[in-house]
Amino acid sequence: KIIIGGRERAATMLDVESGKNLWKAKNLPPNPQTLLQQPIWATAIQFLSKTDSQVHESTDLLAIGTAYKQLQIYDIRTDATQRRAVIYTPEWDSTKENLLEHRVTSLCQLDSHRIVVGDSAGFM
């Protein structure tokens, strides 16, 4: 399996051997005030493991970092009813400050509950 995505291209999971499309992400809901579609630009993609073991078994979760300062977690089971992100970072927190200041360039899973996000300015 391989995941591809990019600027204005939603993440898509392909079977390398057959070339078939197994799963495709759906964009986040439109902005409620402006009804404009959320921009898409995947810059970092990481399969997530369910356990803390060093052997990474097949998983149903996918983390995507975007150029628009977001981290999105998807359920990528082929029979999943929802193809939108199940969890994502909002653009601002309650104090109206950005949670991520720069575009996401790398993702690393520390354990089954923590992900380190690296950005274009070198912050983690």
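Computed from heavy atoms alone, side chains included, the values below leave out hydrogens, waters and symmetry copies.
- Taking a 6.0 Å sphere around CD of E8, one finds it holds more than 12 heavy atoms contributed by other residues, nucleotides or ligands.
- Looking at L62 and L48, their side chains never come closer than 4.5 Å, going by heavy atoms from C-beta outward.
- When all heavy atoms are compared, the tightest approach of N21 to M13 is OD1-O, 3.3 Å.
- Taking the six-membered ring where tryptophan is involved, the planes of H102 and F123 are essentially parallel, since the angle between them stays under 30° and well short of 60°.
- Side-chain contact between I76 and L61: absent, with no pair of heavy atoms (C-beta onward) separated by less than 4.5 Å.
- T12 is not listed as a side-chain neighbour of L22, based on a closest heavy-atom distance of 4.5 Å or more.
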- Query: Taking it one step at a time, do Q46 and C108 satisfy side chain to side chain contact (heavy atoms under 4.5 Å, CB included)?
  - Reply: CA-CA 7 Å; Q46 172 77 41; C108 180; 5.7 Å; no
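- A heavy-atom distance below 4.5 Å is found between the side chains of Q72 and T66.
- For the atom pair CD1 (I45) and OG (S106), the distance works out to 13.0 Å, reported to the nearest 0.5 Å.
- A 4.5 Å side-chain heavy-atom check between I40 and Y68 finds every atom pair outside the cut-off.
- When each of I87, V117, I64 is checked for a side chain to side chain contact (heavy atoms under 4.5 Å, CB included) with L71, only V117 meets the rule.
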- Trace of the side chain to side chain contact (heavy atoms under 4.5 Å, CB included) decision for T105 with T43: CA-CA 6 Å; T105 56; T43 55; 5.5 Å; no
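- Across A25 and Y74, no two heavy atoms sit closer than the pair CB-CE2, 3.8 Å.
- Pairing each heavy atom of Q37 with each of P29, the nearest pair is OE1-C, 4.3 Å.
- The number of heavy atoms from other shown groups lying within 6.0 Å of CZ (R7) does not exceed 12.
- Residues I2 and L14 have side chains in contact (heavy-atom distance under 4.5 Å, counting atoms from C-beta outward).
- Side-chain atoms of Y88 and L28, non-hydrogen and from C-beta on, do get closer than 4.5 Å to each other.
- D119 is not listed as a side-chain neighbour of V104, based on a closest heavy-atom distance of 4.5 Å or more.
- Considering all non-hydrogen atoms of both residues, E101 and K69 come closest at O-CE, 3.5 Å.
- Taking all atoms of both residues into account, the shortest heavy-atom contact from K24 to R83 is O-NE, 2.8 Å.
- The cationic atom of R103 (NZ for Lys, CZ for Arg) lies less than 6.0 Å from the six-membered ring centre of W41 and within 45° of the ring axis.
- I115 and A63 get closest at one heavy-atom pair: CD1-CB, 4.3 Å.
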- Decide yes or no on side chain to side chain contact (heavy atoms under 4.5 Å, CB included) for L110 and V116, but give the supporting numbers first. CA-CA 7 Å; L110 294 179; V116 175; 3.4 Å; yes
